[in-house]
Novice: 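Okay, here's the structure, questions in a sec.
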Amino acid sequence: MSNSVVLRRFRTHGEDNNAFESEYLVALHLHFSNLLGPFQNLVTYSKPYSCFLSYRNTYTVNGQPLSKTKNSNGDKSTQKKENSIRIGFFELFRFASCSEIVLMVFGGLCAMLHGVAQPAMLLVFGLLTDTFIAYDIELQELNDPEKMCMNKTITWVNGSEYQNQNNETVPCGVLDIEKEMSMFAYYYISIGVSVFLLGYCQISFWVTAAARQVQKIRKAYFKQIMRMEIGWFDCNSAGELNTRMSDDINKINDAIADQVGIFIQRFTTFVSGFLLGFVSGWKLTLVIIAVSPMIGLGAALMALSVSKLTGLGLKAYAKAGAVADEVLSSIRTVAAFSGEKKEVERYDKNLVYAQRWGVRKGMIVGFFTGYVWMIIFFCYALAFWYGSRLVIEQNEYTPGGLLQVFLGVLVAAMNLGQASPCLETFASGRGAATNIFETIDREPEIDCMSEEGYKLNKVKGDIEFHNVTFNYPSRPEVKILDRLSMVIKASETTAFVGPSGSGKSTTVQLIQRFYDPNQGMVTLDGHDIRSLNIQWLRSLIGIVEQEPVLFATTIEENIRYGCDSLTKDQIIRAAKEANAYNFIMDLPEKFNTLVGEGGGQMSGGQKQRIAIARALVRNPKILLLDMATSALDNESEAVVQHALDKVRLGRTTISIAHRLSTVRNADVIIGFEHGRAVEQGKHAELLERKGVYFTLVTLQSQGDKALNEKARQMAANCPVEEPRIEKQQSFRRGSYQASLRSSIRQRSRSQVSNLLADLSMPGDVASTVRRSSGYLDDEDKVMEKEEVEEDIKPAPVTRILKYNVAEWPYMLLGSLGAAVNGGVNPVYALLFSQILGTFSIQNEEEKRNQINSICLFFAIVGMVSFLTQFLQSYFFAKSGELLTRRLRKLGFQAMLGQEIGWFDDHKNSPGTLTTRLATDASQVQGATGSQIGMIVNSLTNIGVSLIIAFYFSWKLTLVILCFLPFLALSGALQAKMLTGFANQDKQALEVAGRISSEALSNIRTIAGLAKEKMFVQLYEKQLEAPYRAAIKKANVYGLCFGFAQSVIFMANAASYRFGGYLVVAESLHFSIVFRVIAAIVTSGTALGRASSYTPDYAKAKIAAARFFQLIDHVPKINIYNDEGEKWDNFKGEIHFKDCKFTYPARPDFQVLNGLSISVKPGQTLAFVGSSGCGKSTSVQLLERFYDPNEGKVLIDGHNTETVNIVFLRSKIGIVSQEPVLFDCSIAENIKYGDNNRQVSMDEVIAASRKAQLHDFVMALPNKYDTNVGAQGSQLSRGQKQRIAIARAIVRNPKILLLDEATSALDTESEKIVQAALDEARQGRTCIVIAHRLSTIQNSDIIAVMSRGLIVEQGAHEELMALKGAYYKLVTTGAPISLPSCDISSDVKRLEP
């Protein structure tokens, strides 16, 4: 009955097809429980037999192995960690106060007393058995009509004294069996009550003490991390620190909480059980101990082989998961190159390996589990055969004594096995504490919370570098600054220029004192900045970076991060100075507008301006601008640059930029090269000097200098309208990038948005977040609503089984094995009671014969068990693995078949989909595969047990059945303890985890704003709820544990008391009492196991429903459909006809408002316009990633909606701004260009030559076999772009799409890539999107877009002559927007 607990333990965590072996472990444990039968205590609190089977400690999360005792970062780190445990066990308690030590001491004492309870119960049980046997012997004697009871001694009827075979007189009438049974019942009840109280105290004391200590550890660890210098974060990733904060501290908690009490309890039971065995009968004890190594050997071999096979299976699944994640993250690229079928095959190839390992694992588990069972049954046979000889022939033991010895040793061994996982937990906790405690003890090199250091009364702003040498702590071998000396004068703007890696950004970080120089010093107004107070120093500095970090709250609160004590007026003034006020006031919620996760609702330019306002409210003496405009388009750059020019007046300003147009107005320009300042002066001076600056200027301006000069001359004669920014567009960018990033954002969500809604803080901590909570609440409600709407009805089991129908022969044979196996336990109950019955037989010969035949029967049952275990395990492993592979493949295929719009939905982000592939397919096994076997096993077990029980005594059966609900409840409570509390803890800590994750991910921004203390306060505030929950849990958990442990004693008390009554009143044979009780315990255990499958069964039906929902979802654009038009003479003529479009994920925002334009075959069309005007969207309509809501896209006169989709995409090649490469060789990436045929190596080389790539590849050691790394990480941007161009050329497309193909490159790479693109465009219809006008001026048609419309089109010269939007864009970078009066008439007028 207890065993539902155990099974639930395994099955709730079991994942990834490892479920099937857990049942056998449970069965193994179950068997011992049955052996203890009616007199067992509920010792199965957790992880039975983990001494042998510790491999079950491996859980999986999202298909990845996450070991309870091992670091999820992988085996190497695990080994390293295990090898480097530098913390002693008692050092784990270093945060314990006196009160916690007292709690732990009392908890330990209670655990010791609790541990003695079970052996004490066996003493009672032995006496009870002897009493029954003595009573039965007396009855048998008195049943002889020749004998009678006189003066409490049996005599012959004629009055002479009767003597037994040993020539002893036989007493009679002494035993009042009912009275005796009442006494035993009281013993049981008193032990039960003691166990309840001791169990409660043991658990609650240890858990309370641990909760208090862990609270202190969490606070100390997070505070210490926030004090660390930035160099430390370079060597420790935010992800790793977050994992430590959750997983490692949880491991410490496991090692100092209830597990210590449970270990003490079990160890005490082990010692006292063996003591009982040796004191009561050392001979039998030694015989039993001699056999046990065979069980240990079998279990150890199984553990070794299964853990190895599990590892191999997980590795194969991890590879398949990596393929899925890579493909789903790059779905647009896969779709563009029609790689869906190829990717499904690549995915399936990895699944085949996983399936193979899974089946082998099933075989090995079946073989060894069967072997262990067989040895156990042989052990019973030996113990009872030898023990009975000691009882009968040598009179050394009583039958009760035999049971005490046998069960005492068994209980001791079982508890030793159950104690060993605790040791594993302790080792794991010590390993985790090594890192945590070492971090807590580490003194930061630059302590940002230190109160030490000078604060100058007056700051002028002179900064000087004196012979500074520096390298980053994470890369000590690379020298970044080499004896750098320079002076930055107060109130001047100094610009740093130079190639990437020359040390420009590093100098900015040294000024902020993120790092200290290795040699030399940095001074502020003549003071070494190391002598200044660090918080005060950073309060003088405002910084605007290339990618500013905004927190997911309102605009106002983001600005307030710059300075806590701000009035609304100061915020407004800062917004005006930063050129942000107008666009903020145009937004519906104005300053209360939420910026979204990571500032996602804002365009790049808007984020920059909010960041500038945040820097300005500090009223900084020093302003640092690190590439503040490099990521912006022309329009946004002009506005932001204007804002920066305004704010730098009167401040010491340092500006770093690649675009030299932004630095030429600086007071001083410093040229950097190889970590040194090699030249210094104004723009004109440096040009004359012809050094670093001159080289950069000439390289960059070759392309667009002439164009800009000419435009400026024309502009001198004509006043320019004041640019105005279109409200809606600036707030909600309708761009392709936004929809493309939606999936990426899901994976790196900024966590503050979710946490703020939960905060209710007093005092100043709340000041930064108080405004936002209302909005975030609304947002959360929307999310909740969405989740509620997605209420899935469970799938019918019949449909699930249909997918498994091909494996019916395996399932039939497996079920047969399971059914026979299910009958083994009830047969055990029968044999056990039969052996007890033989001890009351008077005829020695008959007694011996019966015992021998029963022992032989035990051996036969052992062999049957071996065979059926193997059948059940192997055949269900086979059917389950085949089903999982089939489902995963079908699921992945269905995902890749969906239209691109489906992936824009946040519910279908790559992370979510990969997880669903990993979990749903394996969860479906909860309704089929090995689950069917376990249910058949349990039902047979229950059926046979109840038949036996009712057949022999229906009255006693009914009485015991009354206790089943309580026993089931105790099982459910234990299952709840093991799983429910873990989930509660996880949820409670999620909010704190989001704060820590937000803080660690954006540590530079927080350090720059000196907001570390605020985040520490926020974090500590969020730990209160989990702490209160943990204290409450300690009491509830203690009560549940006490109840679960004691309820079996109460059941035993009632059962034996009523059994005693039936023996007297209805002359029931005492062995039947044992038989019925043992049978019911067996059926209860099986019922517990069967009921524990219901959560898995329910989960399986839900998982299957989600799965079927995916498979049944009919995509709007079906790539697996072979229908549709195809034609031979494909020319590449394109015509957009009055296209209107909104993205499915944002139906409220119109991206295209009636786009109409034509391109003839071989022409180049360039789209220009500000972000969000619909340029990239039009390219996606052409690829047919989406269909227009109204209007048509025609190719060679055919409507794209009627053209065969694979045929259409095969004629189009695309090169985008951030090309996606796959984690394989350069050659394979280029061959990906055409997935409909086998691309030869000659074609690859030809395409590479055209893409200016061949020479670079041949210089690599592995040439075309060089792996590009995940996402092409081993290559530079320019190299990635050229591979993407070669990939597009291999297709030999008629239409080439270039979406911002050079915008992210530096000047040199851009020249090479541009040359490759010019080569690729020859003889093809080409559509180009670019921000840099120099790259498009030679196009046949330039189309200027605004708000989803073409406002002008024509060649470069024509549009310049028109002096309209294009002209304005070229000359000033002003925004392109139309008056809102009559768009359509303007468009008609502008169309040629």
Side-chain angles (χ1 to χ4, degrees), residues 220 222-234 440-466 468 470 473 487-491 506-545 560-566 570 614-624 626 650-654 763-765 767-768 999-1000 1002-1020:
F222 185 69
K223 186 171 185 181
Q224 188 65 13
I225 287 179
M226 294 308 282
R227 283 177 62 204
M228 291 298 177
E229 72 278 5
I230 299 292
W232 185 81
F233 286 97
D234 293 345
I440 290 173
D441 295 337
R442 181 184 182 275
E443 273 304 312
E445 287 169 26
I446 303 171
D447 185 354
C448 63
M449 292 188 193
S450 166
E451 297 298 325
E452 294 170 10
Y454 299 111
K455 299 179 182 178
L456 307 179
N457 293 330
K458 192 175 179 206
V459 178
K460 196 172 157 205
D462 283 325
I463 299 169
E464 198 167 342
F465 280 69
H466 300 267
V468 170
F470 176 73
V487 178
I488 296 153
K489 290 187 182 159
S491 306
T506 305
T507 54
V508 165
Q509 299 193 65
L510 291 181
I511 293 168
Q512 288 180 283
R513 210 175 159 215
F514 285 172
Y515 305 93
D516 282 338
N518 302 6
Q519 292 170 9
M521 64 176 175
V522 182
T523 61
L524 172 65
D525 292 351
H527 298 266
D528 185 338
I529 61 170
R530 285 174 289 201
S531 67
L532 302 175
N533 178 281
I534 190 162
Q535 293 266 337
W536 174 83
L537 171 70
R538 288 178 184 167
S539 71
L540 302 176
I541 300 172
I543 182 159
V544 184
E545 295 162 296
R560 203 182 285 279
Y561 265 96
C563 178
D564 287 340
S565 56
L566 285 180
Q570 287 170 311
R614 180 174 68 191
L616 290 181
V617 290
R618 300 168 78 77
N619 191 15
K621 292 285 181 191
I622 301 162
L623 189 60
L624 308 176
D626 188 358
R651 292 185 166 95
T652 306
T653 305
I654 296 174
D764 66 326
V765 180
S767 67
T768 50
L1000 300 177
N1002 304 322
I1003 188 68
R1004 282 168 195 274
T1005 304
I1006 290 168
L1009 295 168
K1011 281 279 171 276
E1012 295 93 347
K1013 284 181 183 169
M1014 191 199 92
F1015 272 89
V1016 169
Q1017 285 173 299
L1018 277 175
Y1019 183 73
E1020 289 184 357

Novice: Below 4.5 Å, heavy atoms only, C-beta onward: do I440 and K223 meet side chain to side chain?
Specialist: no
Novice: Sort out for me which residue in E445, R227, R442 forms a side-chain contact (heavy atoms from CB on, under 4.5 Å) with W232.
Specialist: R442
Novice: Is there a side-chain contact between V487 and D462 in this structure, where contact means two heavy atoms from C-beta onward sitting under 4.5 Å apart?
Specialist: no
Novice: Shortest non-hydrogen contact from A1007 to E1012?
Specialist: CA-OE2, 3.2 Å
Novice: With a 3.5 Å distance limit and no angle check, can you tell me whether R618 reaches the backbone of I543 through a side-chain donor-acceptor pair?
Specialist: no
Novice: Can you confirm whether E545 sits close enough to T1005 that some side-chain heavy atom of one is under 4.5 Å from a side-chain heavy atom of the other?
Specialist: yes
Novice: Do the non-hydrogen side-chain atoms of M226 and F1015 ever get within less than 4.5 Å of each other?
Specialist: yes
Novice: Where is the tightest heavy-atom contact between K460 and T652, given as atom of each residue plus distance?
Specialist: O-OG1, 4.2 Å
Novice: Would you check, one step at a time, whether the test side chain to side chain contact (heavy atoms under 4.5 Å, CB included) holds for R1004 with Q512?
Specialist: CA-CA 10 Å; R1004 282 168 195 274; Q512 288 180 283; over 6 Å; no
Novice: Run the side chain to side chain contact (heavy atoms under 4.5 Å, CB included) test on V459 and D525 for me, step by step, so that the C-alpha distance in whole Å, both residues' side-chain angles and the decisive distance to 0.1 Å come before the verdict.
Specialist: CA-CA 7 Å; V459 178; D525 292 351; 3.9 Å; yes
Novice: What's the shortest heavy-atom distance between P473 and D234, and which atoms?
Specialist: CD-OD2, 4.4 Å
Novice: For the pair R651 (side chain) and P620 (backbone), establish whether a donor and an acceptor sit closer than 3.5 Å, ignoring hydrogens and angles.
Specialist: yes
Novice: Does the side chain of D447 come within less than 4.5 Å of E452's, by heavy atoms?
Specialist: no
Novice: Does this structure show an ion pair linking K1013 with E451, if we count only N-O contacts that are shorter than 4.0 Å?
Specialist: yes
Novice: Can you tell if the side chain of D516 reaches within under 4.5 Å of the side chain of E229, non-hydrogen atoms only?
Specialist: no
Novice: Can you check side chain to side chain contact (heavy atoms under 4.5 Å, CB included) on Q570 and C563, steps first, answer last?
Specialist: CA-CA 10 Å; Q570 287 170 311; C563 178; over 6 Å; no
Novice: To check you understand the geometry: which heavy-atom pair defines the closest contact between G542 and A615, and what is its length?
Specialist: CA-CB, 4.0 Å
Novice: Which pair of heavy atoms, one from G520 and one from P517, lies closest together, and at what distance?
Specialist: O-CG, 3.8 Å
Novice: Does any non-hydrogen side-chain atom of L456 lie less than 4.5 Å from one of W536?
Specialist: yes
Novice: For residues I511 and F465, determine if any side-chain heavy atom of one lies less than 4.5 Å from a side-chain heavy atom of the other.
Specialist: yes
Novice: Go through F233 and I225 one step at a time and tell me if the side chain to side chain contact (heavy atoms under 4.5 Å, CB included) criterion holds.
Specialist: CA-CA 9 Å; F233 286 97; I225 287 179; 3.6 Å; yes
